[in-house]
Every structure is written in structure tokens, then in C-alpha cells.
Amino acid sequence: MAQRLRYPAAVRLRRKREYERVFREGVRVRDRWLKMVVAAREDPTLPSRLGTAVSRKVGHAVRRNRTRRRLREAFRLERPALPPGLDLVCIPLPETERAPWEALRESVRNLARLGAARLARRAARARAESGS
RNA sequence: AGAGGGGUUCGGGCCGACGCGGCGCCCACCCGAUGGCCGUGGUGCGGCGUCGAGGAAAGUCCGGGCUCCACAGGGCAGGGUGGUGGGUAACGCCCACCGGGAGCGAUCCCAGGGAAAGUGCCACAGAAAUCAUACCGCCGAUGGCCCUGCUGCAAGGGCACAGGCAAGGGUGAAAUGGUGCGGGGCGCGAGCCCUUAAUGUAAGAGCGCACCGCAGCGCUGGUGACAGCGCUGGCAAAGGCAAACCCCACCCGGAGAAAGGCCAAAUAGGGGAGGAGCGUUCCGGAGCGUUCCGGGGCGCGCGAGGCGGCCCGUCUCGCCGACUCCCGGGUAGGCCGUUGGAGGCGUCCGGCAACGGGCGUCCCAGAUGGAUGUCGGCCCAGGUCGGCGCCGCCACGGCGUCGACCGGACAGGACCCGGCUUACAGAACCCGCUCUCGUC
RNA sequence: UGGUGGAUCGUCUAACGGCAGGACAACGGACUCUGGAUCCGUGAAUCUAGGUUCGAAUCCUAGUCCACCAG
């Protein structure tokens, strides 16, 4: 039996400061269903965390809530497949609510991996410049 | 049977797997430096149980509760409300009634005070838009002028000067209230007679009468808005607009839960308080020595601290030291406010009703980057298409049945409550509500 | 969350309650070998729904959308 898939408070972004750090330091990635900002946590061994930023452009309150809940569910189920040590802020588009369920899970997984790769490249470049 | 009217309630249901938030119980760990008992708090990618959005949670349009600030009293300014009487904590809400309007009707709609306090506006058209009645018009008996007439008078004709009249004036949303009647007979005529409330002139009428309307006064009924009745009135006194300014009556202090209150790490800084040493021994110095000065070790004692309380024990630090403690401000952060309330349900009583009162019973979301989601199965409103059967002359429609597909509207709490407004697939029920048609 | 203001041709803007005007843009024509400039002309709008009024872009009510302010 695989590990139980939980979504505890420890893997959620809960502070304005945390969001501000992600927006300040993170890289931005997107596909046709979703935008995402990815930043590295201080300790890369800690589990990745999720935050959401749902604009009023997405729709009225019911649509915004449904979109956020689907995103959280996708994050919960995809957590074993995600790289650790990341803070993710998902920014839904108006189309996100209509995205098929499997496509949404795939977007979360791929965007997180893409963001992690770009972060690694940026860190390597920074080390090279400071070293030379 | 069809077409309507009013009102009430609901707004998908059941099951499984995983997940989320609150609360309760259990477990583990922590709350620094040992243990015990009690207590309290925290953490958990531990477990179990239980509860977990709406009728509009929405818009934020009114009214209150609550909190802080301001405040002698009164007025001005500003804003709001606007038939009357009640209900209510209060309201711009609700109920009943009054008045007006729509409808055959059940019923529905109305910001519904004041236009005889003032100001303003009423385009175009029209004589004229509130102001005298001017203009066009009609008459011109009476007076004036001119002509006819030999002259004057009388008489006749003309002018429209004075003067009189107020019917009519295409318009316009709106024009100073509307409608009806003012008779009959004889006579060429003045006139007379009859009947009548019924004339009069040069022309006419606003003249006369009746009814409706309007206004004033009085009486009666009603708490009142108002209604009914009667009398009076040369209706030339009073056109419309106040969601135009305004007047009148009544109401309103401001800000809002990110209100407001409490606890408070680290760092820096502010204010204040506290103290007790003794014995022994070693080293160095002064010194003949008792002794004195400085430093160290050990023991005892004292003080402080080791999350809350107590106990046993222990550790660290200090004993004239930038040591310890206390106080206040205050940041990060946390807690309270924060859900039990003008509460729901049932029942009895009062009231036409809104609603009020008594009794019983129930506890029903409390998040704080913000909890209801994902996946699957079944059922039920309902819709579309197709097949079959029955009714039916057919188009088509109705009923029954089978299959396939689609398949739930508007919409998410953020301090709470009473309303209003707006959005909404549908469903069920009630009416001693109405109209039309048919049958008995 | 609380509060304030606004919406008029495609764009920017006017309009005491009385025919919605102007500029730029667009289109057509003239001028030119062609284009530009210039001249003449044309079409095009009161956010939506009710109400007050004889009459509403204007006044009132409700809704939709946008902008701004405080934190």
C-alpha cells in the first residue's frame, strides 16, 4: 500500500511574508491551464508547499472556491511525484475551472518540475559567476 | 374543463474510497540541564467519534445591537422620511384602514403633505401658459363724425371714434369646470293669453333653473386619514410641475470588528529596587612579630534562577558585581471579541392582522491565504430522440410502455441580528379566491 | 472589507428638463501623374430596466461595468 496522501497545514503557505518571498524570488512558468510561481525553500530537504492566488477574473466566489479546491486536490495527489524543497504559488486562469481533471494534475506536476529545473540552472549560474 | 389571482414550504436523495476545518476522547512527543504527584498548554503527514454554508450566505440600500471617540443646553448648516392608525429594539420594513388609478372580477399598483408663503419653469404651436384680460372678433342701442334731406328737427344710410359684449378664435400635454333645458297659442307687428323655475338685448351673455363637479360653513359617524347629509355660492376665487428651488412636520453625533481589549519572544533603549558573610588553608607583598593588603582553593551560610503549584534532591551564578529582579512603553507573534441569539420548533392565550405574552423543548458552521473537494455506483424531478399499443378522420395531440442520450438553477459565511432589493432550473401544498364554458 | 466618483458616435469630449453639438478617426467626392496637406459632403452615440413629467442624456429607484481612496 502506498503512502497515504494527506494535505496538512505544514505543506501550505500561510503567511503574507511567505507569499511575498515566493513572488520576489520565484520563477514563473505557465501552460494553457495554469500559471505558477516556483521558489526554493531555505532547506531543500523540506517538503514542498502550495499556495494559491485566485483573482476575481476567474469568476464569482463559488467558481473561485471550486478552482482552488481542485488545485489543492491535484497538489495532494501529485505530492509523491513532486520535487521537494519548493514553494509553489498557483495562479489560476479563467479557463482553469474548465480544465479536465487529468490535465490539471498533469499541469501541476509538469509546472513544478519545470520550475525546479529553472531554479537549479539559475543557482548554478550564480555559483559560477561568484566563483570566477 | 380551461384561463387567471393570492399565499406557504422545499430547492435533489442514498451509498462507498481518499482528503479538509471545529469540538470531544485516546495515543505519542514537547514545554531546555534529575525524579515524583497534580495541573495547564503546545505539537503530530497518529487513531476514533461527532458536527460542518444560503434562501438568497449576494448587492451593501436602510435600521439596530456591540466597540471606541466626541458630547452642558439650544439653534444653524447638511442628510433622510412624507395619507392615517398600529406593530417593532429600530427602520425608508410589516399589518390594517383611508384616498386615487387599472381590471368583467378575484385582486393588483401608487415618494400619496403643502401650488389661496414666496421664487422659478411650462419649448414648439397658440390671441393668451397665470397676467391685466390685452389681441382678432361681434355690436355700436346711447353719445360722436360724415352723407341723403333747401335749412333745422325727425327719419334713413354709413364710419367703427368713444363705448359696450365676452359667444367664437385652426393650437396645445394643459385654456378659467361640465351637461341639459329656457315651452305653447293668437297676431304682419308692438303685444296679449295659457302654462311655467324659465328671461333678456343693439349685440350678447357669465341671465334663469336642474344635475354632476368645485369651494365655504354646519351637523352626524370615526382615535384618525376621511366619509355621509344639509345649507350657501354673480364658481372672472384656486391651470400644471415640489423625484425644480422651497415651506411644513418628524427623524439623524462620528467611525467601524482590520472596531476594540489582553498577553507578549529576541534586540536596543527608559525608570526603579536588592544584598551577608563566616571559618580554614595556600601564594605574593608590607612587617621583628601580633597584624594588615591583594589573589586563589575547600566547607558552611545567604540570595537569585532552573515554564505553573508542592515535595525531595541537585545544578549554575553571585555575595560590592555593568549580578539579579521588578515596573512601564512597545515590534514580530498569539489570545479574546467570535458565536446562546430581538434564536429555532411545538402548544395555549390576546389581537381582523403585523405582532405580543405564557409554558415546554432543542443547541444548530466558526474559518483567518480563509475549511464542503476529488473519484465511483444507484435512485428520483425533468428534457430530447426513436420503436410499439390504445383513443382520434388527418396534420397533430393525449395516455401507457420499452430503449438510447442529456441531466440539475442562482449561488459560498467572515462580528451578529431585523428588513429591502436583485439572481434563480424546477417541485409540492393550501384558498369558505375570481372569470368563462359544459353536464346534471 | 469599508468608502467615493463615473459611464454620451470607433476615440477624446460638450449640451438652463425642450431638435444630442464639436474635434480626431472612417467612408465618398473635388484638387494631383500618385500620395500627403486642403476643401465639400455622408454615416455613426446618451450602459440596462422601471418611474416622475406634456416631454428625461439630465430628476428618482434598482441593476451592470469601470476607476479611485483607506487598511
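Hydrogens, waters and symmetry mates play no part in the numbers below; they use all other heavy atoms, side chains included. So that the names make sense, note that chain A is the first sequence line, chain B the second, and so on, each numbered from 1.
Nucleotide B:U232: paired with B:A215 (Watson-Crick or G-U wobble, both distances less than 3.5 Å). Pairing for B:C385 goes to B:G403, judged as Watson-Crick or G-U wobble with the two contacts each under 3.5 Å. Across all strands shown, nothing is found opposite B:A409 as a Watson-Crick or G-U wobble partner with both distances under 3.5 Å. Nucleotide B:C359: paired with B:G346 (Watson-Crick or G-U wobble, both distances less than 3.5 Å). B:U291 and B:A286 make up a base pair, with Watson-Crick or G-U wobble contacts both under 3.5 Å. Pair check for B:C394 finds none; no Watson-Crick or G-U wobble contact set falls under 3.5 Å. Both distances falling under 3.5 Å, in either a Watson-Crick or a G-U wobble arrangement, place B:G333 opposite B:C263. When Watson-Crick and G-U wobble pairs are counted only if both distances are under 3.5 Å, B:G82 pairs with B:C248.
Rounded to a whole angstrom, the distance from the C1' atom of C:G63 to that of B:G59 is 9 Å. Rounded to whole Å, the P atom of B:G329 lies 12 Å from the corresponding atom of B:A265. Going from the P atom of B:C415 to that of B:A258 covers 5 Å, rounded to whole Å. Between B:G177 and B:G78, the distance separating the two C1' atoms is 44 Å to the nearest Å. As rounded to the nearest Å, B:G184 and B:U196 have C1' atoms that lie 11 Å from one another. Remark: the separation of the P atoms in B:U368 and B:G356 is 38 Å, to the nearest Å. Comparing the C1' positions of B:G228 and B:A203 gives a spacing of 47 Å, expressed to the nearest Å. To the nearest whole angstrom, the two C1' atoms, one in B:C327 and one in B:C312, are 35 Å apart.
Nucleotides of RNA chain B nearest to A:V11 and A:T52 differ in position, and the one nearer the 5' end is that of A:V11.
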- line: Dot-bracket assigned to RNA chain C with the 3.5 Å Watson-Crick/G-U criterion, [ ] for crossing and | for other-strand pairs, is (((((((..((((....[..)))).(((((.......)))))....(((((..]....)))))))))))).

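Residue A:R105 is out of contact with every strand shown, counting any heavy-atom pair closer than 4.0 Å.
Residues A:E95 and A:L34 fail the side-chain proximity criterion, which asks for heavy atoms closer than 4.5 Å. A:V11 places none of its side-chain heavy atoms less than 4.5 Å from the side chain of A:L50. Two residues are said to be in side-chain contact when any heavy atoms from C-beta on lie closer than 4.5 Å; A:P92 and A:W33 fail this criterion. Residues A:R66 and A:E97 have side chains in contact (heavy-atom distance under 4.5 Å, counting atoms from C-beta outward). Looking only at side-chain heavy atoms (C-beta outward), A:L119 and A:V27 come within less than 4.5 Å of each other. Counting heavy atoms from C-beta outward, A:D31 and A:N110 have side chains that stay 4.5 Å or more apart.
In the hydrophobic clustering of this structure, A:L13 does not group with A:L86; members are Ile, Leu, Val, Met, Phe, Trp, Tyr whose side-chain heavy atoms approach within less than 4.5 Å, directly or through other members. If you chain together hydrophobic residues whose side chains sit under 4.5 Å apart, A:F75 and A:Y19 never meet in one group. Linking Ile, Leu, Val, Met, Phe, Trp and Tyr residues whenever their side-chain heavy atoms come within less than 4.5 Å leaves A:V22 and A:V29 in two separate clusters. Tracing side-chain contacts under 4.5 Å through hydrophobic residues (I, L, V, M, F, W, Y), one never reaches A:I91 starting from A:L88; they form parts of separate clusters.
Its glycosidic angle being more than 90° from 0, B:A428 falls on the anti side. In textbook terms, a nucleotide whose glycosidic angle is within 90° of 0 is syn, and B:G55 is one such case. Using a 90° window around 0 for the glycosidic torsion, B:U339 falls inside it and is classed as syn. A glycosidic torsion no more than 90° from 0 defines the syn conformation, and B:A198 adopts it. Taking 90° from 0 as the syn/anti boundary, the base of B:C30 is oriented anti.
The CZ-P distance, from A:R68 to B:C20, rounds to 17 Å in whole Å. Residue A:D87 contributes atom CG, which lies 15 Å from atom P of B:G369 at whole-angstrom precision. Atom pair A:R14:CZ and B:G370:P shows a separation of 7 Å (rounding to whole Å applied). Whole-Å rounding puts the A:F23 CZ to B:G369 C1' distance at 11 Å. With rounding to whole Å, A:L50 atom CG is found 14 Å from B:G19 atom C1'. Look at CZ on A:R12: it is 10 Å from P on B:G369, rounded to the nearest Å. If you measure from atom CG of A:L104 to atom P of B:U374, you get 11 Å, rounded to the nearest angstrom.
Put simply, the side chain of A:S48 never gets that close to the backbone of A:L82: no donor and acceptor are under 3.5 Å apart. Remark: the backbone N or O of A:P47 is paired with a side-chain donor or acceptor of A:R41 at under 3.5 angstrom. Judged by distance alone, with hydrogens and angles left aside, the side-chain atoms of A:R28 form a donor-acceptor pair with the main-chain N or O of A:F23 at under 3.5 Å. Under a 3.5 Å cut-off, the side chain of A:R70 and the backbone N or O of A:A99 do form a donor-acceptor pair.
The listed nucleotides are B:C45, B:G370, B:G369; the one nearest the side chain of A:A53 is B:G369. Looking at the side chain of A:W101, the nearest of the listed nucleotides B:C375, B:G370, B:C45 is B:C375.
A sub-4.0 Å separation between OP1 or OP2 of B:G334 and a side-chain N or O of A:R15 is present. OP1 and OP2 of B:C375 both lie 4.0 Å or more from every side-chain N or O belonging to A:R70.
Heavy-atom distances under 4.0 Å link RNA chain B to A:R72, A:E73, A:R76 of residues 71-78 of chain A, given in residue order.
Note: A:R113 CZ to A:E78 CD = 8.0 Å, rounded to the nearest 0.5 Å.
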Interface polar pairs with nucleotides 407-414 of chain B, N/O, under 3.5 angstrom:
unit_1: B:G412; atom_1: OP2; unit_2: A:H60; atom_2: ND1; d: 3.3
unit_1: B:G412; atom_1: OP2; unit_2: A:A61; atom_2: N; d: 3.3
unit_1: B:G412; atom_1: OP2; unit_2: A:V62; atom_2: N; d: 3.2

